[in-house]
Asks: 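Submitted below is the structure of interest, expressed as structure tokens.
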Amino acid sequence: MTGNNQERYNPRESEPHWQKVWDERQSFVVSDEDEREKYYVLEMFPYPSGRCHVGHARNYTMGDVLARYKRANGFNVLHPMGWDAFGMPAENAAIKNNAHPKTWTHQNIASMKDQLKSMGFSFDWTREIATCDPEYYEHQQRLFLDFLKNDLVYRKSSKVNWDPVDHTVLANEQVIDGRGWRSGALVEQKELTQWFFKITDFAEDLLESIDTLEDWPEKVRIMQKNWIGKSEGLTVRWALDPETAPEGHCDLEVYTTRPDTIFGASFMAVAADHPLAQAAAKNNPELEEFIKECRRMGTSVAALETAEKRGFNTGIHVKHPFDDNWTLPVYVANFVLMDYGTGAIFGCPSGDQRDLDFARKYDLPVKAVVLPEGEDAATFEIDDVAYTGTGVMINSSFLDGMSPTEAFDEVANRLGNVDINGNVQAERRVNYRLRDWGFSRQRYWGCPIPVVYCDNCGIVPEADENLPVELPEDVSFDKPGNPLDHHPTWKDTTCPNCDAPARRETDTLDTFVDSSWYFARFTAPTASTPTVTDTADAWLPVDQYIGGVEHAILHLLYSRGFARAMKICGHLNVTEPFKGLFTQGMVTHETYKTSQGDWVSPEELKFEGTGDDRKAIHLQSGEELKIGSIEKMSKSKLNVIDMTAMAESFGADATRWFVLSDSPPERDVQWTEAGIEGVWRYVQKLWRLVDDANAIISSEEDGSAENFDSEALLKAAHKAVAQVSESYENLRFNRAIAHLYDLTNTLSKAVSAIKLAPTHKERAALRTATDFLVKLCNPIVPHVTETCWARLNKDSILADEAWPVADESYLKEDSIILPVQVNGKRRGEIEVAKDLPKEQVEDAALSLDAVSRILDGKSPKKVIVVPGRIVNVVV
RNA sequence: GCGGACGUGGUGAAAUUGGUAAACACAAGGGACUUAAAAUCCCUCGCCUUAAUCGGCUUACGGGUUCAAGUCCCGUCGUCCGCACCA
């Protein structure tokens, strides 16, 4: 390092400067007319919670690096940004601070947009959309009406969490230990008629097409497959014992994927909402109380399934399909879901852990019916672990000796021919775990559902010319419940059909609807129809979609379902909206709470002590805070670190580099600022190094003596181009950074090796290596590299420059170093020509001192030569 | 409870996907330069043993497959994400 330059790179000056230059030149504004090949990079758009946090920084930096890299590679890159702007926090702010959701949201958007701009992200801001703007949701309403016309949405009754004190519907998140978060009242389940999107129409296609999503992470594909949950089973009708059957009920239909275990059945269980349970409860107050208790559990599956398994014997009995004299009790059980299958099961304790736990609890028989290989039928017993594997049927009458698969078919065939109360007793049925998407919300801050209820005409779609159905602004949040419903006049309208007075739908759409098609709207953000089909087809699918793993199922599945529905309605022609998916790891942080249970932000506390004695002290009150678990950064838990706080001290470039360095992008990271000083030093070093190199490059004098190996420098430079390009291509940003450090170190050594006037060759090598380094770093640190580029006397800006190309001839290695192992342990290494024949490699390895010492004159048992990799001598 | 992942030095991690474990960094320690500090540069840095080399051990834990395992298989423990009204 010559180190004679005492100047420093100043991001405070350079960053706004280059942002202005890019802005003025419209460097990132993309045109539909461009002839070059398209590339659509999209990061999941943010909810405008107020400020961007470092998790956002990680997400958007990844997308930006890819966008800039692809642009330099000659693609016409679409890289838009917008706002997922409807949602509960805006209403909560309205209740808490008396801020109107619209004002609150727009202020947040303005502030977050400033933050994003200051980070130098290459978004095409001319395409910005906010889902809460009528210009956006008008088209969403159009989509809704098209779906309605095409039979893709419908109404049905379903359950919500009901707060009986606040008279309001609660989100699962607002139910804490079975109580409403504000009122503290025990939550009840309540039936409401709501709007549903028929995503199950696409279940089979959504499942099958997963195999075509080759650029998706395997884990997401597995999760979606499991979520759709296709199973092939049997519905079986069990005759009720007439003695015990409630009036009007003669059989009970269950769904099972294991009809082979039918002789292991020991009880029946139905959901609390099952008609048979309802009927049985009519003259059984205790059962009625039990059912009521089940309804107090909230609606989330996680809550239901983690609750203690409980059942209530209804006194009803069923007859076993293969034995009239065998009756089984019918229970109402809190773990049976009305939504899945038929809402009723038969319990086979030996073959299902949950059934076994239930049987042990209520002292029901446990009979093994599948014998694992290697066990003896006479002694095999189920203790407290159910056996779910395969084997041979036992204790199962005519099924004995069959495999479970054969037994499945046998049961299906036999019962398929039996008539019970006018129906076949058993039918094969393909079942999906996937349910239709209930997307009505009883809230204000969402897209109004454009339908009208007319006493004459019933449910009437709003006329197209009346769209958008706009949210009223004069709403009050004084009382709980849906402000749209409370509004004195808003719901009064006239029927688009008959002009009679009518009422508007007061439910709004789930915010997941907003994000299920925004990627399509970005392709024509101001069009007077939801999309312009040709334009959408030209841009879609999104080539690389980047966002958190937490969206692996719902958002991505809904979007896939919407794309199919939009295709049916003619808005798109693609089926799969996201060709490539990258799920970044979450940025996590400790959480802190006061003794009252209020969350405290990390900015409002200090630490005392270390290790086990570490204490968090609230700055304001001096109170010792409870240090909670490490969780995903979220506004609701206040464990967020502001995105630009670091940028204000160290610059956007250093922040961008920092969030990508070290950790692989798909891995969760616990946020820490440790290391940012090192990045700051690197940015300074890069700038200084370019400056020093430039001084040498631009000197006119050619020396005659070599200062450094210029061939080696060129080799390193070209190798870096290959490695860094490959890393960007595969979104392995941490590896790209390691390679960039390597090239920087090599270049830096060359520059500081210059003691005499450099030769012409040396200056040429330095020029190439320096240009490459600056270009390779540019996607991550675009501001400082533009400054460097200008320093190198270039008359272009880097944003317009093409990506460097590695010269293959520099990438070849003539000789390689092979490690030599003896019995799998490394004992030495040999340097050999790259294509040296195996025998000669073997000889070279055996002649190593370390090897011959161990061999001690004996000949080896075997020598394994893996070309280009390793030699292993087995003794 | 169910589904999906992850676990490597003081720290973040790398390992061409079964082939030299610890690349590249951060932190720490030592040194050079300086009146001093900052900045910068050089050196050391998994553990044990040794003056140093040599040697031995080491990828959460316990088994297994293989010439060879961080990587594949089985089990255990821990952490995180999702579970349909948070976004």
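Only heavy atoms go into these numbers, but all of them, side chains included; no hydrogens, no water, no symmetry mates. Here is how names work: the chains are called A, B, and so on, in the same order as the sequence lines, proteins then strands, and each is numbered from 1. Fair warning: this is a prediction, and the values are worked out from it, not measured in the lab.
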Asks: Any side-chain N or O of A:Arg435 less than 4.0 Å from the OP1 or OP2 oxygen of B:A84?
Replies: no
Asks: Could you tell me whether A:Gln442 contacts a base, only the sugar-phosphate backbone, or nothing, with contacts defined as non-hydrogen atoms closer than 4.0 Å?
Replies: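 Result for A:Gln442 = base.
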Asks: Would you classify A:His739 as touching base, sugar-phosphate or nothing, given that sugar-phosphate means primed atoms plus P, OP1 and OP2, and contacts are heavy atoms under 4.0 Å?
Replies: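 Here A:His739 touches no strand at all.
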Asks: Report each atom pair, protein N/O against N/O of nucleotides 77-80 of chain B, whose distance is under 3.5 angstrom.
Replies:
from	atom 1	to	atom 2	distance (Å)
B:C80	O2'	A:Asp668	OD2	3.0

Asks: According to side-chain hydrogen bond (donor to acceptor under 3.5 Å, both in side chains), who are the partners of A:Glu831, at least two apart in sequence or on a separate chain?
Replies: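 For A:Glu831 the side-chain hydrogen bond (donor to acceptor under 3.5 Å, both in side chains) partners, ignoring immediate neighbours, are A:Ser815.
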Asks: Want to settle it: does A:Arg826 or A:Lys309 sit nearer the 5' end of RNA chain B, counting the closest nucleotide to each?
Replies: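 Checking each residue's closest nucleotide, the 5'-ward one belongs to A:Lys309.
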Asks: Start with the C-alpha gap between A:Glu631 and A:Lys637, add the side-chain angles, then the distance that decides, and say whether salt bridge (Lys or Arg N to Asp or Glu O under 4.0 Å) holds.
Replies: CA-CA 9 Å; A:Glu631 294 180 61; A:Lys637 286 174 185 152; 2.9 Å; yes
Asks: For A:Lys632, give me all partners under salt bridge (Lys or Arg N to Asp or Glu O under 4.0 Å), at least two apart in sequence or on another chain.
Replies: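 A:Lys632 satisfies salt bridge (Lys or Arg N to Asp or Glu O under 4.0 Å) with no residue once adjacent residues are dropped.
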Asks: Measure from CD on A:Glu677 to P on B:A38 and round the result to the nearest Å.
Replies: 14 Å
Asks: Test: side chain to side chain donor-acceptor pair (under 3.5 Å). Region: residues 193-202 of chain A. Which pairs qualify, not counting sequence neighbours?
Replies: A:Ser158-A:Gln194, A:Gln194-A:Gln442, A:Trp195-A:Glu505, A:Thr200-A:Asp436
Asks: Not counting sequence neighbours, list each pair that qualifies as a salt bridge (charged side-chain N to carboxylate O under 4.0 Å, His left out) and has a residue in residues 43-54 of chain A.
Replies: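 For residues 43-54 of chain A, and leaving out neighbouring residues, the salt bridge (charged side-chain N to carboxylate O under 4.0 Å, His left out) pairs sorted by first residue read A:Arg51-A:Asp642.
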Asks: Remember a base hit wins even if backbone is also touched, and classify A:Phe512 as base, sugar-phosphate or nothing at under 4.0 Å, heavy atoms.
Replies: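 The answer is base, as A:Phe512 lies within the cut-off (heavy atoms under 4.0 Å) of a base atom.
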Asks: Hey, does the side chain of A:Ser663 come within less than 4.0 Å of B:A13's phosphate (OP1/OP2), counting only N and O?
Replies: yes
Asks: Which is it for A:Phe358 and A:Phe335 under the ring-ring contact (aromatic ring centres under 6.0 Å, His included) test, yes or no, and what are the steps along the way?
Replies: CA-CA 10 Å; A:Phe358 191 83; A:Phe335 59 86; 5.5 Å; yes
Asks: Check the orientation of A:Phe562 and A:Phe197. Use parallel for under 30°, tilted for 30 to 60°, and perpendicular for over 60°.
Replies: tilted
Asks: Separation of A:Lys637 atom NZ from B:C81 atom P, in whole Å?
Replies: 7 Å
Asks: Within the 4.0 Å heavy-atom criterion, would you say A:Val820 contacts the bases, only the backbone, or no part of the nucleic acid?
Replies: nothing
Asks: Please report, rounded to the nearest Å, how far the C1' atom of B:A87 is from the CD atom of A:Gln584.
Replies: 14 Å
Asks: Please step through side chain to side chain donor-acceptor pair (under 3.5 Å) for the pair A:Thr299 and A:Asn161, ending with a clear verdict.
Replies: CA-CA 6 Å; A:Thr299 57; A:Asn161 298 309; 3.1 Å; yes
Asks: Scan A:Pro46 against the nucleic acid and name what it touches under 4.0 Å (heavy atoms): base, sugar-phosphate only, or nothing.
Replies: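 It contacts nothing in the nucleic acid.
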Asks: Which is it for B:G29, anti or syn, if anything within 90° of zero counts as syn?
Replies: anti
Asks: Please give, in whole Å, the distance from B:C2 P to A:Glu305 CD?
Replies: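 In whole Å, B:C2 P lies 8 Å from A:Glu305 CD.
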Asks: Is the distance from OP1 or OP2 of B:G82 to the nearest side-chain N or O of A:Asn226 less than 4.0 Å?
Replies: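 Indeed not, no polar side-chain atom of A:Asn226 lies that close.
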Asks: Would you classify A:Gly438 as touching base, sugar-phosphate or nothing, given that sugar-phosphate means primed atoms plus P, OP1 and OP2, and contacts are heavy atoms under 4.0 Å?
Replies: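 Sugar-phosphate: the residue A:Gly438, judged by heavy atoms under 4.0 Å, touches backbone atoms but no base.
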Asks: Base, sugar-phosphate or nothing for A:Lys825? Non-hydrogen atoms, less than 4.0 Å.
Replies: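 It contacts sugar-phosphate atoms only.
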Asks: For RNA chain B, which residues in residues 723-734 of chain A have a heavy atom at a distance below 4.0 Å?
Replies: A:Arg732, A:Asn734
Asks: What residues in residues 353-361 of chain A put a non-hydrogen atom under 4.0 Å from any atom of RNA chain B?
Replies: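 Listed by number, there are none.
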Asks: Considering only side-chain heavy atoms of A:Asn745, which listed nucleotide, B:A84, B:U40, B:C24, is closest?
Replies: B:C24
Asks: Applying a 4.0 Å non-hydrogen cut-off, can you work out what A:Gln224 is touching in the nucleic acid: base, sugar-phosphate, or nothing?
Replies: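 Nothing, no heavy atom under 4.0 Å.
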Asks: How long is the line joining CG of A:Asn59 and P of B:A87, in whole Å?
Replies: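 Rounded to the whole Å, the gap is 18 Å.
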Asks: Base, sugar-phosphate, or nothing: which does A:Thr306 touch, judged by heavy atoms less than 4.0 Å apart?
Replies: base
Asks: Check RNA chain B against residues 654-662 of chain A and give the residues with a non-hydrogen atom under 4.0 Å, in numerical order.
Replies: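 Those residues whose heavy atoms fall under 4.0 Å from RNA chain B, taken from residues 654-662 of chain A in numerical order, are A:Asp662.
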Asks: According to salt bridge (charged side-chain N to carboxylate O under 4.0 Å, His left out), does anything in residues 658-683 of chain A pair up with another residue at least two apart or in another chain? List the pairs.
Replies: none
Asks: Can you give one letter per nucleotide of nucleotides 63-71 of chain B, going 5' to 3': B for a protein heavy atom under 4.0 Å from the base, S for sugar-phosphate only, - for none?
Replies: ----BS---
Asks: Parallel, tilted or perpendicular: which fits the ring planes of A:Phe512 and A:His555, with parallel below 30° and perpendicular above 60°?
Replies: parallel
Asks: If you compare all heavy atoms of A:Val659 against all heavy atoms of A:Thr61, which two are closest, and at what distance to 0.1 Å?
Replies: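 Between these two residues, the closest heavy atoms are CG2-OG1, 3.9 Å.
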Asks: For A:Arg443 and B:C86, is the shortest distance between a side-chain N/O and OP1 or OP2 below 4.0 Å?
Replies: no
Asks: Heavy atoms only, 4.0 Å cut-off, all strands: where does A:Ala302 land among base, sugar-phosphate and nothing?
Replies: base
Asks: From NE2 of A:His551 over to P of B:G4, roughly how many Å is that when rounded to an integer?
Replies: 21 Å
Asks: Taking a pair as Watson-Crick (N1 to N3 plus N6-O4 or O6-N4) or G-U wobble (N1-O2 and O6-N3), both under 3.5 Å, which stems of 3 or more consecutive pairs involve RNA chain B?
Replies: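 Looking at RNA chain B, the stems formed by three or more consecutive pairs are B:1-7 with B:77-83, B:10-12 with B:24-26, B:28-32 with B:40-44, B:46-48 with B:55-57, B:60-64 with B:72-76.
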Asks: Once the angle between the rings of A:Tyr47 and A:Trp104 is folded into 0 to 90°, is it parallel (under 30°), tilted (30 to 60°) or perpendicular (over 60°)?
Replies: tilted
Asks: A:Arg681 has a side chain; which of B:A39, B:A87, B:C83 sits nearest to it?
Replies: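 Of the candidates, B:A39 comes closest.
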Asks: Hey, does the Lys NZ or Arg CZ of A:Lys156 hover above the aromatic six-ring of A:Phe196, less than 6.0 Å from the centre and inside 45° of the axis?
Replies: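 Yes, a cation-pi geometry holds between A:Lys156 and A:Phe196.
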Asks: For A:Lys361, is the NZ atom crowded, meaning more than 12 foreign heavy atoms sit under 6.0 Å from it?
Replies: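 Counting other residues, nucleotides and ligands, NZ of A:Lys361 exceeds 12 neighbours.
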Asks: Test: salt bridge (charged side-chain N to carboxylate O under 4.0 Å, His left out). Region: residues 188-197 of chain A. Which pairs qualify, not counting sequence neighbours?
Replies: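 Matches after skipping sequence neighbours: none remain.
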Asks: When rounded to the nearest Å, what value does the distance between P atoms of B:G46 and B:C81 take?
Replies: 34 Å
Asks: So what does A:Arg433 touch, heavy atoms closer than 4.0 Å: a base, only the sugar-phosphate, or nothing?
Replies: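 Base, at least one base heavy atom under 4.0 Å.
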